[in-house]
Amino acid sequence: MVKVTLYPHKQIQQITKINITSNLLTLMGNIDQHIEKDKQLLDDPTISPQTRRHTAEELQALESYKEHHPEDSHDPTPLELYCDSHPDALECRIYED
């Protein structure tokens, strides 16, 4: 869960504090914790269809990444997951000097 705190400009006499909490980007300690968290989230019957679809796609990508990289236990970023699934994508190219 990412927590963001925004403070507007001090043009007004008081400062209004706005908190935004998001589950879109959740980095865990390792990939196994992230997989377990996604499975728990999918078991919750109260989540929205959009969250369920996003979580199911993320879980599939995480399991695929773990299968392709069994020696690696870190929690991959969304870019790492994307590049694992699409190695020929422009965003995933690596140039050597």
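Quick note: residue numbers are just sequence positions, from 1. Values reported hereafter were calculated over all heavy atoms of this structure, with side chains retained and with hydrogens, waters and symmetry mates removed.
- Sequence neighbours left out, not one pair with a member in residues 50-82 passes disulfide (SG to SG under 2.5 Å).
- Sorted by first and then second residue, the disulfide (SG to SG under 2.5 Å) pairs involving residues 29-69 (not counting sequence neighbours) form an empty list.
- Residues forming a side-chain hydrogen bond (donor to acceptor under 3.5 Å, both in side chains) with D43 (at least two apart in sequence, or on another chain): none.
- Residues satisfying the side-chain contact (heavy atoms from CB on, under 4.5 Å) test with Q60, not counting sequence neighbours, are none.
- The distance from atom CD of Q33 to atom CG of L62, rounded to the nearest 0.5 Å, is 12.0 Å.
- Partners of H86 under the ring-ring contact (aromatic ring centres under 6.0 Å, His included) rule, at least two apart in sequence or in another chain, are Y82.
- Taking the side-chain contact (heavy atoms from CB on, under 4.5 Å) definition, one finds that Q50 meets it with S48, R53, sequence neighbours left out.
- In terms of heavy-atom proximity, L42 sits nearest to R52 at O-NH1, 2.7 Å.
- Taking every heavy atom of both residues into account, D44 and T46 meet most closely at OD1-OG1, 2.7 Å.
- To the nearest 0.5 Å, atoms OH (Y65) and CG (D75) are separated by 9.5 Å.
- Of the possible polar contacts, one joining the E80 side chain to the T77 backbone as a donor-acceptor pair under 3.5 Å is found.
- Distance check, rounded to the nearest 0.5 Å: CD of E58 to OG1 of T51 gives 11.0 Å.
- In this structure, L59 and D38 approach most closely via the heavy-atom pair N-OD2, 3.8 Å.
- D72 pairs by the salt bridge (charged side-chain N to carboxylate O under 4.0 Å, His left out) definition with nothing, not counting sequence neighbours.
- The structure places CD1 of I31 at 7.5 Å from NE2 of H74, a figure rounded to the nearest 0.5 Å.
- For S64, the side-chain contact (heavy atoms from CB on, under 4.5 Å) partners at least two apart in sequence or on another chain are H68, D84.
- Screening residues 58-89 for disulfide (SG to SG under 2.5 Å) gives C83-C92 as the qualifying pairs, with residues at least two apart or on separate chains.
- Counting all heavy atoms, side chain and backbone alike, A61 lies closest to L81 at O-CD2, 3.7 Å.
- Residue-environment remark: CD (E71) exceeds the threshold of 12 foreign heavy atoms within 6.0 Å.
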